[in-house]
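Comments concern the structure below.
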Amino acid sequence: MRFPLNTLPLVVLFSVPALAQNPREPQQLDSGTTAPPSYTPKVDSAKDLTAVVFKDSNNHIFVTVSTGQGKNYSSPARIDDDATGANKYLSEKALKVCGDNIYVVWRDERNGSDDDVYFTVSTDGGNTWLPNVRIDKGFPAGQAPVRGVRMDCNNDNIAIVVCVEDPTTGDEEVKLITSPDAGSSFRPPVDASPQNGLSDHDEIDVKVGDNNEGNIVIVTDVLGINTVLDTVFDAGSGLITALGTGISTLANSLGKKATGGDAVIDDEDGQDDLGMHVVAAAWLMDDAPGGGPDELWVNVSLDGGVTWLGDQQIGGYLAGIDDVDSPDILVRADGTILVTWEDNRSGLDEIYVAVSTDFGFTWLESQVSVSGGGFPQLAGNDDDYVAITFTGRGFPEIPEMAYSRDGGITWNVGVNVGGGMTGDADYHEIAYNNLYDNFICIWLSDDFGINNLYAGGMRCQTLSPVGVFTAGAPVSFLVREFGISEAGGAFQVVVSSVPGNIVIPGDGRDTGLGSSNLLVQSSNSPALAGQISGIGDGSTATVNFPSTIPVGTILHCIAVSHSGGSFFSITDVVTVPVQ
């Protein structure tokens, strides 16, 4: 039997920090473009590459790139080659970073008001881009409007899912188009739903796992009765292996209506070395004939989508009374499942998250917003760190990020990642970089009367100098908020008198420190070492600051956790002036 979450108590697990966190100073990304950005920018990050895609009000599409840290970005490069200025639209999952490849897909009206799907790729980290390719949607160019497009990838294997309306019948069809060679060629479209030509497909999403096994979740309406389907495919071969398995029994019942507006899927291969392939899907559903407030439903598969454990309602709201919006779902590498949403149970939309460590059998729920919030998104995966980004706290809204250092069990209250910005924030997006344990946020804000695109973010783990760094004065360093799995390990503070790009030995991560005598001395100094406590904090010894470092020197400092010769999380660089 499956237990709905609303049988469990709501747990609000805020860990209020004693010291302020260190969100990065926001950077404007659209400088140099001739028109302001508009609508749905996207961000993705993997290994040592971050990319941001956005559309400006001239219907030009741009990409800017950074390292995995997401701290310094290139000038925006226009990637569409349309000379007509036709309307273009960036959908969810319009951007994916896989190795050195950056894939972008969008809807485009250059061939007529019945839009087509276009694609381009950079195989050198964003330095150059191949000419735009029109993706075969199963109908001629400029005929049959596209209702939705989603994309995912595993290295060179790309999967694009398109929902297109048949202009002769008005029914919608879901098509799968795959590429085995990083977008150099695409296979012909194949039907991804058994109800193609018979129904209205309200929502689609796609996920490709590390073993190339992919899943497509579809919310579909046949004669006014909706259902939720999962299609399993192999991204390497492009073949469908299971077409349209039903994953919602209640949505098939008379009077049950799975609403369009949100359906999301995520997966993780080989969970916990047990050979499982965990897939989880979330969607919204009306639970009353004729419509009503939405509910959040989730289903889980342990075999890659071949069989499903059973759909269940998630959330401590009052079903049929309170309204749910904007779900997102994440499956971590250890099989932990997280789902976030907003609902109005308190009279104000707030952000909630639920986590299950037993494949959806039980759930623990937390509230992560204060004074309102909307449009939450989850990010994180392999490590302890998980975050939710959202906009909130009334008008003008601010970009916020709540985070967890234990895989989603406990959460910190939302942090304003917009710094001192005063404009109204919209389209807040987030990506997580596994290499740097780093969250990258982007958003639009109208501080100067028009929307501009900004990037920020933070690492959970932080370093704080303590004291006045002047000759003979007592000084020390504090570390905070390291991941829970690093508790009990050691940390080392490393200091340089210059910035630079010295890397962590063995893994190539950029520390942000330059080569100097101080760098060598500090990396081996017992006075700058310490232990990480059970809650992720620690302190170095207090020492008298030496007189050998000249006044006016700017110290560049990081902390890195380590154990048994391996290095783990590192902090952002903190600068300290010598007085």
Problem set entry | Passing candidate, side chain to side chain contact (heavy atoms under 4.5 Å, CB included) with Tyr427, options Ser445, Pro37, Pro41, Pro399 | Pro41
Exercise. Between Asp152 and Lys96, is the closest basic N to carboxylate O distance under 4.0 Å?
Worked result: yes
Exercise. Between the side chains of Asp426 and Asn451, is a donor N or O closer than 3.5 angstrom to an acceptor N or O?
Worked result: no
Exercise. With a 4.5 Å heavy-atom cut-off, do Met458 and Tyr403 have their side chains touching?
Worked result: yes
Exercise. Would one find more than 12 heavy atoms of other residues, nucleotides or ligands at under 6.0 Å from atom CG of Asp124?
Worked result: yes
For this session: State, without any angle test, whether Asp56 and Thr33 hold a side-chain donor-acceptor pair at a distance under 3.5 Å.
Result: no
Problem set entry | Side-chain donor-acceptor pair present, Asp358, Ser356, cut-off under 3.5 Å | yes
Exercise. Between Asp437 and Tyr432, is any side-chain donor less than 3.5 angstrom from a side-chain acceptor?
Worked result: yes
Exercise. Charged N to carboxylate O under 4.0 angstrom, Arg459 versus Glu481?
Worked result: no
Problem set entry | Lys/Arg-Asp/Glu bridge criterion (N-O < 4.0 Å) met for Glu365, Arg345 | yes
Exercise. Which pair of non-hydrogen atoms, one from Ala282 and one from Val339, has the smallest distance, and what is that distance?
Worked result: CB-CG2, 4.3 Å
Exercise. Any luck finding a side-chain donor-acceptor pair between His428 and Thr389 under 3.5 Å?
Worked result: yes
Problem set entry | Modelled atom types, side-chain donor and acceptor of Ser496 and Ser516, under 3.5 Å | yes
Problem set entry | Side chain to side chain, Val520 and Leu518, heavy atoms closer than 4.5 Å | no
Problem set entry | Flag side-chain contact, heavy atom, 4.5 Å: Val63 against Val65 | yes
Exercise. If we ignore angles and hydrogens, is there a donor and acceptor under 3.5 Å between the side chains of Glu486 and Ser569?
Worked result: yes
Exercise. Any side-chain donor paired with an acceptor under 3.5 Å for Glu213 and His277?
Worked result: yes
Problem set entry | Ser45 and Thr50: side chain donor to acceptor below 3.5 Å | yes
Exercise. In terms of side-chain heavy atoms, does Glu350 have a donor or acceptor partner in Ser369 at a distance below 3.5 Å?
Worked result: yes
Problem set entry | Beyond-backbone contact of Ile442 with Phe54, side-chain heavy atoms, under 4.5 angstrom | no
Exercise. So, are Glu92 and Arg150 salt-bridged, with charged N and O less than 4.0 Å apart?
Worked result: no
Exercise. Considering residues, nucleotides and ligands other than Phe375, do more than 12 of their heavy atoms fall under 6.0 Å from its CZ?
Worked result: no
